[in-house]
Amino acid sequence: MTDAVQTQSSPGEFKQRVFSGIQPSGGLTLGNYLGAIKRFVDMQENGIETLYCVVDMHAITVWQDPAALRRQTRELAAGYLAAGLDPARSILFNQSQVSQHAELGWIFNCVARMGWMNRMTQWKDKAGKNAEKASLGLFAYPSLMAADILVYHATHVPVGEDQKQHVELTRDIAAKFNHDYGVDFFPLSEPVIEGAATRVMSLRDGSKKMSKSDPSDASRINMTDDADTIAQKIRKAKTDPEALPGETEGLKDRPEARNLVNIYAALAEQSVDQVLAQVGGQQFSQFKPLLSDLAVAKLAPISGEMARLMQDPAEIDRILGQGAERARAIAAPILARTYEIVGMIR
Ligand code: AMP
Ligand code: TRP
């Protein structure tokens, strides 16, 4: 395969490259693990170049206490490593160490249209009625996300369902840039949204996404919860009175039941049908203990390893620094060529 940094003539010719990121804006949840990190690890096995970022510049679109931001950045990096990301095989770094993201982000602010940004559902949810008080960065955030992806000419972006619209916007920005400047320079990156747990729901309300910002801690499983807490949260998880069905159609209109089965399937690396073939007919009183045992078995080693890594913050910083250096080596020539296309004297 040719090097993506060299001249390409069509998006089809881009070298395959994976990029994704998570904000260090709080603890990690089971939703982040199943919807994102676990799949980052799986993609690392395919022999494709993978870059995974702690997007600290995205985090400050809402207020972050500086000391907390530093801790959360290291904690997220520790989560990546503990879950199995290997800094020898993947490029792991934090966004602010690679200034090319912000530079390309500015250029994309001048490509993206206000109307596109206004349609972003995450903006509408997060800013809500208080849009007047939201930061300008929160509004512009999807164009920085486009820069994160495109400054590496990344072709594949593993994310949870909630980020699909932002990856589509990234394609719109790439297409408009290519069109306006008459080039085929940026690829049209594909969102990769796969598996049983692309949208893990709240344990208290099957219509809401499991989120680190939900005020109720009982609504989510945190990567750092101990075995008793995990078991208790699953025991108390909202369900309905019916037994589990024998096949997937039986989960229709049963959001809470479907969520727990999806979580089980993703943790067990099975399909929903395979899971239901084993547990169909069970009451939740039987199924919930199976689910907690599985969750504890999968998560406890990761949270233990995260705690161990957090004892050596200097080592985490070293890994992020090395990753940033490798990331810059890819980003710098792509940004330089972008400036040239736009007409900036260098
Ligand atoms: P965030 O926590 O919003 O920064 O999200 C980081 C990554 O985790 C993104 O790829 C999200 O799509 C994914 N993610 C977050 N919450 C969930 C969830 N409840 N279910 C599935 N994926 C999620
Ligand atoms: N916006 C993503 C989120 O909130 C995080 C993110 C920032 C990201 N830049 C990215 C994800 C680039 C994928 C690719 O979850």
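Each ligand, and each atom within it, is numbered from 1 in the order the structure gives. Since the model is a prediction, treat every value here as computed from it, not as a measurement.
One option in H166, H101, Q95, Q163 has a heavy atom closer to atom 3 (C) of ligand 2 than any other, and that option is Q163. The residue from I37, D162, T198, N262 that puts a heavy atom closest to atom 21 (C) of ligand 1 is T198. Of the candidates S213, G160, S211, it is G160 that places a heavy atom closest to atom 10 (O) of ligand 1.
Within ligand 2, counting atoms from 1 as listed, the ones closer than 4.0 Å to a heavy atom of F19 are 12 (C), 14 (C). Short contacts between ligand 2 and S20, defined as distances under 4.0 Å to a heavy atom of the residue, involve ligand atoms 11 (C), 13 (C), 14 (C). Atoms of ligand 2 found under 4.0 Å from any heavy atom of V55 (numbered from 1 in listed order, with element): 7 (C), 9 (N). Which parts of ligand 2 touch Q23 is read off a 4.0 Å heavy-atom cut-off, strictly below it: atoms 4 (O).
Ring centroids of F287 and Y264 are separated by less than 6.0 Å, placing the two rings close together. Note: F177 and Y181 meet the aromatic proximity criterion, with ring centroids under 6.0 Å apart. Ring centroids of F185 and H153 are separated by less than 6.0 Å, placing the two rings close together. Within the 6.0 Å centre-distance limit, the rings of F186 and F108 are counted as a close aromatic pair.
Backbone and side-chain nitrogen or oxygen atoms of Q122 are examined, and none is located within less than 3.5 angstrom of a nitrogen or oxygen of ligand 2. Looking at Y141 next to ligand 2, an N or O pair under 3.5 Å apart turns up.
Protein heavy atom at the shortest distance from atom 20 (N) of ligand 1 is V200 N, 2.8 Å. In terms of protein heavy-atom proximity, atom 23 (C) of ligand 1 is closest to G31 O, 3.4 Å. Protein heavy atom closest to atom 15 (C) of ligand 1, with residue, atom name and distance, is N32 ND2, 3.2 Å. The protein heavy atom nearest to atom 3 (O) of ligand 1 is K209 NZ, 4.2 Å. Scanning all protein heavy atoms for the shortest distance to atom 7 (C) of ligand 1 gives A36 CB, 3.7 Å. Of the protein's non-hydrogen atoms, the one nearest atom 4 (O) of ligand 1 is Q23 N, 3.5 Å.
By the 6.0 Å contact criterion, NZ on K288 is enclosed, its count of non-hydrogen atoms from other residues, nucleotides or ligands being greater than 12.
Side-chain polar atoms of S25 and Q72 form no donor-acceptor pair below 3.5 angstrom.
Contact annotation for S25 and ligand 1: no heavy atom of the residue comes within less than 4.0 Å of the ligand. Looking at K212 against ligand 1, only its side chain comes within 4.0 Å, counting heavy atoms.
In this structure, D217 CG and D225 CG are separated by 6.0 Å, a value rounded to the nearest 0.5 Å. Between S99 atom OG and M57 atom CE the span is 8.5 Å, to the nearest 0.5 Å.
No single ILVMFWY cluster, assembled from side-chain heavy atoms under 4.5 Å apart, contains both L92 and V98.
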